[in-house]
Amino acid sequence: MIRTRIAPAPTGPCHVGIARTALFNYLFTRKHGGTFVMRLEDTDVARSRKEFEQDVYDSLRWLCLDWDEGPDVGGDFGPYRQSERKQIYQAALQKLLEANLAYPCFCTPEELEEERNRRLKLKLPPRYKGKCPTLSRAEQEAAKAQGKPYSIRFRMPDKTIAFEDMIRGKVQFDGAEIGDFVIVKPDGDFIFHLSNVVDDIEMKITHVIRGEDHVSNTPRHLALAEALGATPPTYGHIPLILNPDRSKMSKRKNPTSVSDYRQWGYLPEAMVNFLALIGWSSGTEREVFSLDELVAAFSIEAVGRAGAIFDIEKLNWLNGNYIRALPLEELQKRLRPYLPDADPDYLRRVIPLIQERLKRLDEAPALTEFFFRDELEYDPALLIAKKHTAEESRAALSQVLDRLSTIEEFGIESLENGLRGLVEELGWKTGHLFMAIRVAVTGSTATPPLFETMSVLGKERCLTRIRRAIEKLSAMSGERT
RNA sequence: GACCCCAUCGUCUAGCCUGGUCCAGGACACCGGGUUUUCAUCCCGGCAACACGGGUUCAAAUCCCGUUGGGGUCGCCA
């Protein structure tokens, strides 16, 4: 039985990298009928916050990446918050201490810093090489008796540690290059390496899929598992998401919070699809997948090894795609937060006109503004039709007004008949007249189709706006004479 | 600097394992054209890559070595 986990640290808003790691874990797990666990790694008390924990849940749930066990849903291997599992780590620590596989380190931060710099200057890897590893029990007790603060280090074995990565194949490190690392802080807090490994063991995690930034931690984790006498999980390291400059994606250079993308009106379907496409390909030419379809098509071996840039343009395209595919009712529902004051019935008629023009939901207010405003603001010069003067445009709009007045019901067909007829009579180019009307009625040169738009706006509003346009044009021709 | 990883169009990638079917396919972006009352959609077309150098081979994007480039890690963060 496969068991996987996503192990976020609630030290910031849910990062898209976490979301993608969760996604790959989710796909792998569902594909194989396993159990997906949410484990909160909140061992860093100073930086962990409840609101971030909530943000992780909200963001991942929004993406429909639900978990089977977790702090908020329970399960047989809880608690699922590391802050609530200290006794478990304490027991593991005792085991290591008793076997002399870990030892107290009394070095001060200053001493460590000094040693680090010295080794760096000698072009040596900055690993720990203090005196504490060889302290006798008596010396350790003496130092403790003096009240000296101490951390606890794990004795990293002096041997080659190799493992078979699900994605990159065989990887190996020299344990001696790594050095003894801290697993407990002087204040008693456990460091991620220990809690992470202990929990993976205790929670019977079989496969760990995580970011590439963890490959160099893997030998530590393998050594820890061995010291604890446990069989380690199988590891797989997915490539990182990159900034356009190819550095690791960071909020300094890019928005990284899932909640940001959510607010901008990216659909969760598009987000999931996009995230899956970063570093993974189905091997076919297909690129649009629902979450369920991804589960069916996914294969961990097909995940690439090279980092990939977060290409917002592709996300935009996918999002537009998904928006266009949404049923009217569904789109209206999703648009509600962006147009909270709109009358539902009226909105139902407006939405079809902007659906294929939307790349993000948050563009809706700007695209539909003229449907809701009373007074339009625009440059009157836009009313002057191409190849025509202000006066000619005014006269034409006057005729448009007359013609429109004779139309009882502003249906698409009646508008088309009336207006196209007028184009003929005037001898104008269709586009020239229609653009003048468009600007008069919407205040914009880029709008949904004219007749549909006018039909939705209704006769009254259209006539009023055309009258206003005529006034503006009169003022302009007046200025000239 | 050390260690580890990576390397196909601007971007995401297919192909690489099992060399020839690849003068390298798809998608996004971009450019051009068509449909069209504008915008958008849609359709058609175009631009554009095997990082470099050695090998191995009848034949290399595919195998090997090296170089270069990029990234990650080196925390009493995760």
Side-chain angles (χ1 to χ4, degrees), chain A residues 7-12 41-44 46-48 82 105 107-109 112-113 116 119-127 149-153 165 168-169 171-174 177-179 181-187 189 191-193 195-196 210-219 237 239-240 242 244-248 274 277-288 304-318 320 324 353-359 367 416 419-420 423 429-439 442 444-451 453:
Chain A
T11 54
E41 307 226 320
D42 56 349
T43 49
D44 186 344
R47 293 197 304 148
S48 293
Q82 293 194 324
C105 171
C107 296
T108 64
L112 293 173
E113 178 65 18
R116 206 185 102 84
R119 292 187 60 89
L120 237 29
K121 221 172 279 176
L122 293 172
K123 301 187 175 181
L124 288 165
R127 64 175 198 237
Y150 62 96
S151 61
I152 294 177
R153 284 179 189 274
D165 189 289
R168 356 199 121 234
V171 182
Q172 55 173 267
F173 289 85
D174 180 359
E177 294 284 344
I178 293 167
F181 56 94
V182 173
I183 51 178
V184 184
K185 294 193 228 177
D187 62 9
D189 282 349
I191 289 294
F192 142 84
H193 297 298
S195 54
N196 185 277
R210 57 187 357 181
E212 190 193 337
D213 46 349
H214 281 299
V215 294
S216 53
N217 283 331
T218 307
H237 293 90
L240 262 21
L242 275 24
D245 67 0
R246 296 216 151 265
S247 57
K248 182 169 148 183
F274 175 65
L277 257 24
I278 299 181
W280 174 82
S281 156
S282 70
T284 70
E285 289 183 352
R286 181 168 181 195
E287 303 204 307
V288 179
R305 286 128 301 170
I309 294 171
F310 188 95
D311 180 13
I312 194 78
E313 292 296 344
K314 186 122 185 183
L315 209 210
N316 287 339
W317 169 76
L318 265 172
R324 270 173 255 132
L353 301 185
I354 60 160
Q355 183 162 19
E356 69 186 24
R357 293 167 177 74
L358 237 35
K359 277 203 161 39
L367 282 180
E416 173 141 28
L419 259 16
R420 287 207 189 273
V423 166
K429 281 230 172 205
T430 311
H432 294 168
L433 181 66
F434 284 12
M435 184 52 89
I437 302 174
R438 181 189 318 283
V439 172
T442 69
S444 169
T445 55
T447 76
L450 189 55
F451 311 132
T453 301

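Within every chain, numbering begins at 1; the chains are lettered A, B, ... in the order of the sequence lines, protein sequences first and strands thereafter. Below, all heavy atoms of this structure are taken into account, side chains as well, without hydrogens, waters or symmetry copies.
The side chain of A:Arg168 sits closest to B:rC5 out of B:rG70, B:rC5, B:rU37. Distance from the side chain of A:Val171 is smallest to B:rC5 among B:rG72, B:rU37, B:rC5. Listed nucleotides: B:rC3, B:rG71, B:rC77. Nearest to the side chain of A:Lys185: B:rC77. Picking from B:rC42, B:rC28, B:rC76 the nucleotide with the shortest atom distance to the side chain of A:Trp317 gives B:rC28. Which of B:rC5, B:rC77, B:rU37 sits closest to the side chain of A:Glu212 comes down to B:rC5. Comparing atom distances between the A:Asp44 side chain and each of B:rA78, B:rU13, B:rU41 picks out B:rA78 as nearest. Each of B:rU41, B:rA7, B:rG70 was ranked by its minimum atom distance to the side chain of A:Arg305; first place goes to B:rA7. When the nucleotides B:rA2, B:rU73, B:rC4 are ranked by their closest atom to the side chain of A:Glu177, B:rA2 comes out on top.
Comparing A:Arg420 and A:Gln172, the nucleotide of RNA chain B nearest to each residue sits closer to the 5' end for A:Gln172.
Nucleotides B:rC6 and B:rU57 are separated by 28 Å at their P atoms, to the nearest Å. The gap from the C1' atom of B:rA49 to that of B:rU13 amounts to 12 Å, rounded to the nearest Å. Nucleotides B:rA78 and B:rC16 have their P atoms positioned 42 Å apart, rounded to a whole Å.
Looking at A:Arg438, its side chain comes within 3.5 Å of the base of B:rU37 through a donor and an acceptor atom.
Of the nucleotides present, B:rU67 is the one that pairs with B:rA51 by Watson-Crick or G-U wobble criteria, both distances under 3.5 Å. Pairing of B:rU35, defined by two Watson-Crick or G-U wobble distances under 3.5 Å, is not identified with any nucleotide. Taking a pair to require two hydrogen-bonding distances under 3.5 Å in either a Watson-Crick or a G-U wobble arrangement, B:rC3 pairs with B:rG72.
Among the protein residues, A:Ala446 comes within range of the nucleic acid bases, having at least one heavy atom under 4.0 Å from a base atom. Within the nucleic acid shown, A:Phe181 has no heavy atom closer than 4.0 Å to any nucleic acid atom. No engagement by A:His432 is indicated, since no non-hydrogen atom pair under 4.0 Å with the nucleic acid exists. Base contact: A:Glu287 has a heavy atom under 4.0 Å from a base atom. Using a 4.0 Å heavy-atom distance criterion, A:Asn217 is classed as a base contact. Backbone-only engagement by A:Thr43 is indicated by non-hydrogen atom pairs under 4.0 Å involving sugar-phosphate atoms exclusively. A:Pro449 comes within 4.0 angstrom of a nucleotide base, judged by non-hydrogen atoms across all strands. As judged by a 4.0 angstrom heavy-atom cut-off over every strand, A:Cys107 is placed among the base-contacting residues. A:Leu112 comes within 4.0 angstrom of a base, heavy atoms only. Residue A:Thr453 is classed as having no contact, given no heavy-atom separation below 4.0 Å to the nucleic acid.
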Candidate pair A:Phe274 and A:Trp317, rule side-chain contact (heavy atoms from CB on, under 4.5 Å), full reasoning: CA-CA 10 Å; A:Phe274 175 65; A:Trp317 169 76; over 6 Å; no
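For B:rU41, neither phosphate oxygen OP1 nor OP2 lies less than 4.0 angstrom from any side-chain nitrogen or oxygen of A:Arg357. Put simply, A:Lys314 has no side-chain N or O that comes within less than 4.0 Å of OP1 or OP2 on B:rU13.
In this structure, a donor-acceptor pair under 3.5 Å is absent between the side chains of A:Thr442 and A:Ser444.
In this structure, A:Arg286 atom CZ and B:rG25 atom P are separated by 23 Å, rounded to whole Å.
Shown here are the side-chain contact (heavy atoms from CB on, under 4.5 Å) partners of A:Asn217, two or more places apart in sequence or in another chain: A:Phe192, A:His193, A:His214, A:Arg220, A:His221.
Of all the heavy atoms in A:Ala308 and A:Ile278, the pair that sits closest is CB-CG2, 3.5 Å.
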